[in-house]
Amino acid sequence: MTDKYAVIGNPIGHSKSPIIHQAFAKQTGEDISYEAILAPLDGFESTVRELIAHGYKGANVTVPFKFEAYQLCDSLSARVVSSGAGAVNTLVNTHGNLHGDNTDGIGLRNDIEKNLGFDITNKHVLILGAGGAAHGVLNSLLCASSITIANRTHEKALDLVMGIKDCEVNASTYDSLEKSYDLIINATSTGLTDTVLPIPSSVFAPGCLAYDMMYGRETPFMKQAREAGAQVADGLGMLVEQAAEAFYIWRGVRPLTQPVIAQLRNA
Ligand code: NDP
């Protein structure tokens with residue numbers, strides 16, 4: 001019997017997750033269906049309960065419901081607990097028992113290290129933004145030599161660095177950025193509005209990888225990085241890698257990601 005899965009968000013029309021999971025299913029021979037579901041902004045829990053009642057085996061969760069998903073779970077993966085982010089992007093339904101995981105961090109790390117061939121270990125990393133995405137990925141970057149988090153609202157950057165011991169982590173404002181960094185990750189949503197971040201081009205060290213979590217087009221951050229001589233990447237690979245990890249959690253099978261990234265880039 002076909003096992004049912006879905007991605008829940010609001011808005012959801014733009015989501016590429018159904019294409020990605022249908023491609024994984026075809027590639028691995030797994031018998032699943034996967035659809036996009038628009039939940040009302042005040043109706044996430046009832047949407048999830050309805051899916052459980054209809055026998056869905058799992059779901060991905062996207063903006064703005066990752067924090068609500070965390071609250072709904074009966075159990076959580078070790079990486080969700082240790083991240084302290086309070087956000088879940090993957091739900092597993094076992095006979096009505098909801099287990100939550102977050103695959104954004106491993107998705108980002110796999111894209112940067114495996115697909116782009118950039119080793120994060122011992123590098124100086126700058127994260128721009130301190131919202132849900134920055135929270136979700138911070139733990140996966142702690143092999144770096146140092147991590148600086150710069151955010152428009154400084155208090156949120158200070159909150160994010162609190163309690164991290166495994167790596168030298170500090171909070172900054174944009175206008176006090178003076179050093180240069182080997183890896184710069186734009187985890188703000190400024191790409192959506194073409195907002196230019198107030199960062200100096202001197203932050204891009206020679207050989208720097210500038211990674212924008214947004215995908216689909218060149219953002220002002222990517223343009224600035226390219227003009228400063230950095231290697232530039234968007235977040236499409238991360239999207240596919242986080243989906244692959246969710247697929248593995250659900251099905252116990254690891255799909256190949258490269259053909260799916262290529263399929264989406266060519267579309
Ligand atoms: P949030 O709404 O939680 O956080 C938004 C962040 O952007 C905050 O740090 C906010 O700063 C900052 N920001 C927003 N507007 C401005 C502005 N005008 N100037 C400066 N900073 C600004 O969003 P998420 O963290 O969930 O998502 C961030 C991005 O990451 C989105 O574009 C999302 O699509 C992408 N993403 C991509 C994924 C992938 O798989 N490729 C996975 C997850 C996210 P402040 O705190 O001051 O408001």
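Heads up: numbering here begins at 1 and tracks the sequence. Predicted, not measured: the structure shown is a model, and the values here were computed from it. Whatever order the structure lists them in is the order used to number ligands and atoms, beginning at 1.
Under the 4.0 Å distance rule, the nearest protein heavy atom to atom 33 (C) of ligand 1 falls outside the cut-off. For atom 2 (O) of ligand 1, the nearest protein heavy atom lies 4.0 Å away or farther. Within the 4.0 angstrom cut-off, atom 23 (O) of ligand 1 has no protein heavy-atom neighbours.
Between Gly235 and ligand 1, a contact under 3.5 Å exists for at least one N or O pair. In terms of N/O distances under 3.5 Å, ligand 1 is approached by Gly132. Geometrically, ligand 1 and Met213 share a nitrogen or oxygen pair separated by less than 3.5 Å. At a 3.5 angstrom cut-off on N or O pairs, Leu192 does not count as close to ligand 1. Considering backbone and side-chain N/O atoms, Tyr215 never comes within less than 3.5 Å of an N/O atom of ligand 1. At least one N or O atom of Lys156 sits closer than 3.5 Å to an N or O atom of ligand 1. Not one N or O of Met214 is nearer than 3.5 Å to an N or O of ligand 1, by distance alone. Note: an N/O pair closer than 3.5 Å links Ser189 and ligand 1 by distance alone.
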Identify every side-chain donor-acceptor pair in residues 154-169 under 3.5 Å, counting partners at least two apart or on other chains, and give the distances.
{"residue": "His154", "atom": "ND1", "partner": "Ser172", "partner atom": "O", "Å": "3.4"}

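Within the set Leu236, Asn151, Asp234, the minimum heavy-atom distance to atom 10 (C) of ligand 1 is found for Asn151. The closest non-hydrogen atom to atom 28 (C) of ligand 1, taken over Gly136, Ala187, Ser17, comes from Ala187. Closest to atom 15 (N) of ligand 1 by heavy atom, among His14, Lys16, Arg152, Gln242, is Arg152.
Those atoms of ligand 1 with a heavy atom of Gly129 less than 4.0 angstrom away are 9 (O).
The closest approach between a heavy atom of Gly107 and any atom of ligand 1 is not below 4.0 Å. Contact annotation: Gly191 has no heavy atom less than 4.0 Å from any atom of ligand 1.
Closest to atom 29 (C) of ligand 1, if we only count protein heavy atoms, is Thr188 O, 3.4 Å. Summary of contacts: the protein heavy atom closest to atom 4 (O) of ligand 1 is Gly131 CA, 3.5 Å. Looking only at heavy atoms of the protein, atom 42 (C) of ligand 1 is closest to Met238 CE, 3.7 Å. Looking only at protein heavy atoms, the nearest one to atom 47 (O) of ligand 1 is Thr153 OG1, 2.5 Å. In terms of protein heavy atoms, atom 44 (C) of ligand 1 is closest to Ala133 CB, 3.7 Å. Residue, atom and distance of the protein heavy atom nearest to atom 43 (C) of ligand 1 are Lys66 NZ, 3.8 Å.
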**OP:** Would you please test Ser145 and Asn122 for side-chain hydrogen bond (donor to acceptor under 3.5 Å, both in side chains) and show each step?
**Re:** CA-CA 4 Å; Ser145 177; Asn122 295 329; 5.4 Å; no
Subject >> Audit row: Thr90, Asp101, side-chain hydrogen bond (donor to acceptor under 3.5 Å, both in side chains) steps and yes/no >> reply: CA-CA 5 Å; Thr90 304; Asp101 207 331; over 6 Å; no
Original post:
What do the steps show when you test Ser17 against Asn60 for side-chain hydrogen bond (donor to acceptor under 3.5 Å, both in side chains), and what is the final call?
Top reply: CA-CA 9 Å; Ser17 293; Asn60 287 130; 5.0 Å; no
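In this pair, Phe221 and Phe204 present their aromatic rings tilted. The plane angle is within the 30 to 60° band.
Under the 4.5 Å side-chain criterion, counting only non-hydrogen atoms from C-beta, Asn102 is not in contact with Val88. Taking 4.5 Å as the limit, some side-chain heavy atom of Leu108 sits within range of a side-chain heavy atom of Ile185. Trp250 has its side chain out of reach of Phe24: every pair of non-hydrogen atoms, C-beta onward, lies at least 4.5 Å apart.
Thr219 and Asn186 are not linked by any side-chain donor-acceptor pair at a separation below 3.5 angstrom, with hydrogens and angles left out of the test.
Listed by first and then second residue, the salt bridge (Lys or Arg N to Asp or Glu O under 4.0 Å) pairs involving residues 102-114 are Lys66-Asp104, Arg109-Glu113 (not counting sequence neighbours).
Within 6.0 Å of atom OH in Tyr248, 12 or fewer heavy atoms from other residues, nucleotides or ligands are found, so the atom counts as exposed in its surroundings. Within a 6.0 Å sphere centred on NE2 of His14, heavy atoms belonging to other residues, nucleotides or ligands number more than 12.
Cation-pi contact between Lys16 and Tyr215: absent, since separation from the ring centre below 6.0 Å together with deviation from the ring axis within 45° is not met.
Ile120 pairs with exactly one of Leu141, Ile147, Asp182, Leu142 by the side-chain contact (heavy atoms from CB on, under 4.5 Å) rule, that one being Leu141.
The part of Thr190 lying near ligand 1 is the side chain, judged by heavy-atom distances below 4.0 Å. Of the heavy atoms in Thr195, only side-chain atoms (C-beta onward) come closer than 4.0 Å to ligand 1.
The residues Asp194 and Arg217 are annotated as salt-bridged, a charged nitrogen and a carboxylate oxygen being separated by less than 4.0 angstrom.
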